[in-house]
Amino acid sequence: MAGIPARVALVSMHTSPAAQPGTGDAGGMNVALRSLAGELAGRGVQVDLLTRAAGDAIERRLDPGVVLHELPAGPRGPISKDELASVTDAFGEAIAVLAARPNARFDLIHAHYWLSGIASLPVALEFGLPFVQSFHTLAAMKNSLGAAAAPSESERRVHSEAYLAGQATAIVAGSAAEATFLIDSVRAPADRVWVIPPGVDVDLFRPNRTEAHERVRAELAIAPGRPILVVAGRVQPLKDQELAIRVLAALHEGSRGDPVLVVVGEATPGDERYARDLRALAADLGVAQDVRFVGALGRGELAEVLTAATLTLVTSQSETFGLVALESAASGTPVVGFRGSGMVESISHGVSGVLVDSRDPREWAEAIAGLLGDSVLLAELSESARHHALGYTWAASATALLGVYGSL
């Protein structure tokens, strides 16, 4: 088809698209890359996923039309995200070697996250290829909205993102909130910014699976009838699982039901102390017996937990969109989240859940207690949440992305 690239390179230097979300630095971006790659391949586009090799440099097919290339860069073995910037040149050189192969002629390079952009922009310039940048998170946004306990993002990252925004042929934002921030604060050219929300696998994430409800309660030792609150994501200050634990304590203190909190995800490298502090906080607040730390889950296991949940909490300080909110809605589980950044788009207030205007645990507890105490409203939200999620599919995201590619 005219205007549609035959072969694209999707670059994710710091985390492999094949990594399990909720482990290490893997999260919603990994889900998006795998999902989009599959959709693009289904439309006849050859997709090469490029990531840094933590071990041996390998090349393997993940799906029909989708090949993962793990490229050598820097010292062998895992490197912390803070140190990855020092090997972007080496990673870029490895991309250039791959791109020069007669059987690997890319039509376009699409970088995901700023490290990928810094590494692959010179390759795009060298080969005269269109260069698309997706940031997924922005340093300036995190610094302005992030948790006080979280360290500020480096000036190097701030300046690098501004440089990439000025150099990219096109920039793909995940939400209108991110696009606005890109234009107003990062000074990205408005005519190069496109908004393409993520999708959700509505077949995997679906409601009313009785067997999943029973299995989750049995495995987590949660008695029938007790409400289940879920918070899912990498364990780090920006995601603010601490707020979820304080909300649970406020609910118990006010005798507003006896919910159990399920924390899904592992600590991001460097945030292990934060994860330990969460357990200590639960003990100090007297709710340790009502918190289940289950670690990272596979996609199928997460889908079961979300469909068994009564409510999902999105406690993040900021999100460019918030994929978990969509996955929960698709599961028929309403979401309670903070009214800010991309969450005002991923959570439709009064349709897929409720947005809270503050980060005061007592106000969150009041909102949650209101939902738990109104079974009619909870059932209505569950049904409308599913309909809300059906409006977001990976097929639609891929179609929009091909429109961007075609315009270049």
* **side chain to side chain contact (heavy atoms under 4.5 Å, CB included) partners for V97, two or more places apart** => none

* **ring-ring contact (aromatic ring centres under 6.0 Å, His included) partners of residues 303-332, not counting sequence neighbours, each pair once** => F321-Y392

* Asked: What pairs with R187 under side chain to side chain contact (heavy atoms under 4.5 Å, CB included), at least two apart in sequence or on another chain?
  -> none

* To do: Return each pair, listed once, that meets salt bridge (charged side-chain N to carboxylate O under 4.0 Å, His left out) where at least one residue sits in residues 163-186; pairs must be two or more places apart or across chains.
  => none

* Structure fact -> Distance col, row L98:CG vs H69:NE2, nearest 0.5 angstrom, shows 5.0 Å

* Got a sec, which residues hit salt bridge (charged side-chain N to carboxylate O under 4.0 Å, His left out) with R215, two or more places apart in sequence or on another chain? -> E304

* Is it true that R43 and E39 have a side-chain N and a carboxylate O under 4.0 angstrom from each other? -> yes

* Which pairs count as salt bridge (charged side-chain N to carboxylate O under 4.0 Å, His left out) when at least one residue sits in residues 63-78, sequence neighbours excluded? -> R34-D63, D56-R76

* Can you run down the salt bridge (charged side-chain N to carboxylate O under 4.0 Å, His left out) pairs that involve residues 308-325, sequence neighbours left out, and say none if there aren't any? => K239-E319

* Report the residues that fulfil ring pair (Phe, Tyr, Trp, His ring centres under 6.0 Å) with F106, sequence neighbours left out, ordered by chain and then residue number. => none

* If you look only at pairs with a residue in residues 333-380, which of them pass as a ring-ring contact (aromatic ring centres under 6.0 Å, His included), with sequence neighbours excluded? -> none

Show every donor-acceptor pair shorter than 3.5 Å between a side-chain atom in residues 162-173 and any protein atom, with sequence neighbours excluded, or say none if there are none.
unit_1, atom_1, unit_2, atom_2, d
T169, OG1, F131, N, 2.9
T169, OG1, F131, O, 3.3

* To do: Can you tell me which residue pairs pass the salt bridge (charged side-chain N to carboxylate O under 4.0 Å, His left out) test with a partner in residues 88-103, sequence neighbours excluded?
  => E59-R101

* Asked: Listed by chain and number, what are the side chain to side chain contact (heavy atoms under 4.5 Å, CB included) partners of Q46, not counting sequence neighbours?
  -> R7, D48, V67

